[in-house]
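These notes concern the structure reproduced below.
In listed order, ligands and their atoms are each counted from 1. Starting from 1, each residue takes its place in the sequence as its number.
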Amino acid sequence: MDDDHYSLAVPFYDLWHEDGHVPLIRELLPPLLKGVRRSVMEIGAGTGLITRVILQETPAEVYAVEPSSGMRSVLVNRLAEDREALSRVTVLPCGGLEAEADEPVEAVVMISVLQSFDAAQRADLWRVLRRQLEPGGLLLFNWRERATPEPGEPEIVGSYRVGRHTYEIAGQVLAVAGESVKARYVYRVKQRGVVISEDEVLSESHWPARERLVAELEGAGFARDGAPDGMEAWRLPK
Ligand SMILES: C[S@@+](CC[C@H](N)C(=O)[O-])C[C@H]1O[C@@H](n2cnc3c(N)ncnc32)[C@H](O)[C@@H]1O
């Protein structure tokens, strides 16, 4: 990824997401991974918070796909703390559309990444994932219908103490067009209330309606499997 806007957010990532989707995924993902034994491709592995869940819950080899060099640095350093993890995880420094496993995988896991793909890219993504999965392969991702956000003022969306400093994240919806949302995030470090570091990240994310997502996946040859609220499980035919 040339434009590694994630790198500015990396120091804040685990603080914010350990307080967000990650604890819920730790509950919802393990039962869906039951029976997966040989291989998993994780799209958008980030700093490895979910990679760790996959490693704990399966004996599988993992291909961790992560385009951001900043996120990948944390991921590899996390793996380096655990010899077994280092031997089981291959980190692919590319985006999901370029991902290639050496052999077709049993399952693909994609947590909080789908929104990075616009509608045209999603069409390519389903084709790529279909090719990466073995017959009968399982696609797992988190997804929830959400109300269309409204453009508004910046709001503090996270604030964490790190020693004597406070790490603070402010988020603001700038514009909404169809399924796409433009937002601005400001990542600040404060010392005794005074800002000592500040970075702005502009992002665009894409939130397809359920019917559209279902039509895309069915059109790409996937069939829906059972999953709890908040997760989606889809399978290829055998
Ligand atoms: C919100 S983070 C989620 C990270 C991890 N899955 C988790 O739940 O902690 C989104 C991740 O997707 C990655 N990403 C963005 N665009 C991507 C793409 N086209 N292909 C694969 N990953 C992508 C980002 O670099 C980032 O690490």
Side-chain angles (χ1 to χ4, degrees), residues 1-30 32-33 40-57 62-79 85 89-101 105 107-133 139-144 146 157-158 160 169 171 180-183 185 187 199 201-208 230-232:
M1 189 147 82
D2 297 325
D3 169 22
D4 186 5
H5 68 262
Y6 263 96
S7 67
L8 296 171
V10 170
F12 296 76
Y13 188 84
D14 284 15
L15 294 169
W16 191 16
H17 294 280
E18 277 291 1
D19 188 29
H21 71 284
V22 172
L24 182 63
I25 299 299
R26 281 199 190 103
E27 276 175 40
L28 299 182
L29 186 60
L32 296 170
L33 288 170
V40 175
M41 176 177 276
E42 185 189 6
I43 304 288
T47 61
L49 293 173
I50 307 300
T51 319
R52 200 157 57 184
V53 177
I54 300 168
L55 289 172
Q56 278 162 0
E57 297 298 326
V62 178
Y63 293 93
V65 177
E66 178 47 59
S68 154
S69 60
M71 298 293 266
R72 225 168 41 236
S73 308
V74 180
L75 165 65
V76 176
N77 288 334
R78 204 188 288 287
L79 299 176
V89 181
T90 301
V91 178
L92 303 186
C94 62
L97 300 184
E98 295 84 44
E100 270 312 327
V105 294
V108 168
V109 173
M110 199 166 60
I111 300 300
S112 297
V113 181
L114 184 60
Q115 69 273 11
S116 305
F117 296 85
D118 66 23
Q121 291 167 333
R122 278 199 311 274
D124 291 337
L125 179 67
W126 306 136
R127 266 195 297 277
V128 169
L129 298 188
R130 203 189 152 126
R131 207 178 56 235
Q132 294 306 311
L133 277 164
L139 167 61
L140 299 171
F141 59 96
N142 60 334
W143 189 85
R144 206 180 276 284
R146 38 178 254 162
V157 293
Y160 308 95
I169 304 151
S180 301
V181 178
K182 287 195 171 134
Y185 291 94
Y187 295 88
D199 287 300
V201 173
L202 298 176
S203 78
E204 185 166 10
S205 54
H206 312 276
W207 305 91
M231 287 297 298
E232 289 286 321

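The atoms of ligand 1 that sit less than 4.0 Å from any heavy atom of Phe117 are 18 (C), 19 (N), 20 (N). Proximity to Ile111 (heavy-atom distance under 4.0 Å) selects the following atoms of ligand 1: 3 (C), 5 (C), 6 (N), 8 (O). Set against the non-hydrogen atoms of Ser116, the atoms of ligand 1 under 4.0 Å away are 15 (C), 16 (N). With ligand atoms numbered from 1 in the order given, ligand 1 contributes 25 (O) to contacts under 4.0 Å with heavy atoms of Ser68. Shown in contact with Ser112 at under 4.0 Å from a heavy atom are these atoms of ligand 1, numbered in order with element: 1 (C), 2 (S), 3 (C), 10 (C). The Gly96 neighbourhood of ligand 1 comprises atoms 18 (C), 20 (N), 21 (C), with distances under 4.0 Å to a heavy atom of that residue. Numbered from 1 in the order shown, with element, the atoms of ligand 1 that lie under 4.0 Å from a heavy atom of Met71 read 27 (O). Residue contact check: Ala45 has heavy atoms under 4.0 Å from atoms 5 (C) of ligand 1.
Between Met110 and Glu42, the closest side-chain pair of non-hydrogen atoms is not below 4.5 Å.
Below 30°, between 30° and 60°, or above 60°: for Tyr187 and Tyr185 the angle between ring planes is between 30° and 60°, a tilted geometry.
Within the 3.5 Å criterion, the main-chain N or O of Val91 finds no donor-acceptor partner in the side chain of Glu66. Of the possible polar contacts, one joining the Gln121 side chain to the Asp118 backbone as a donor-acceptor pair under 3.5 Å is found. Not one N or O on the side chain of Gln56 forms a donor-acceptor pair closer than 3.5 Å with the backbone of Val53.
Applying the salt bridge (charged side-chain N to carboxylate O under 4.0 Å, His left out) rule to Asp199 yields no partners; only residues at least two apart in sequence or on another chain are considered. Residues meeting the salt bridge (charged side-chain N to carboxylate O under 4.0 Å, His left out) test with Glu18, sequence neighbours left out: Arg26.
Heavy-atom minimum distance, Ala99 versus Ile43: CB-CD1, 4.4 Å. The two atoms that bring Ser180 and His206 nearest to each other are OG-ND1, 2.9 Å, heavy atoms only.
Rounded to the nearest 0.5 Å, atoms CG (Asp14) and CG (Asp19) are 12.0 Å apart.
No part of Met110 comes within 4.0 Å of ligand 1, judged by heavy-atom distances. Under 4.0 Å from ligand 1, the heavy atoms of Ile50 that appear belong solely to its side chain. Contact annotation: for Ile43 versus ligand 1, heavy atoms closer than 4.0 Å belong to the side chain alone. At a 4.0 Å heavy-atom cut-off, ligand 1 touches His21 through the side chain alone.
In the candidate list Ser203, Gly20, Pro67, Gly46, Pro67 is nearest to atom 23 (C) of ligand 1, counting heavy atoms.
Note on ligand 1: His17 sits outside its first shell, no heavy atom being nearer than 4.0 Å.
Inclusion of Gly44 in the set of residues having an N or O under 3.5 Å from an N or O of ligand 1 is warranted.
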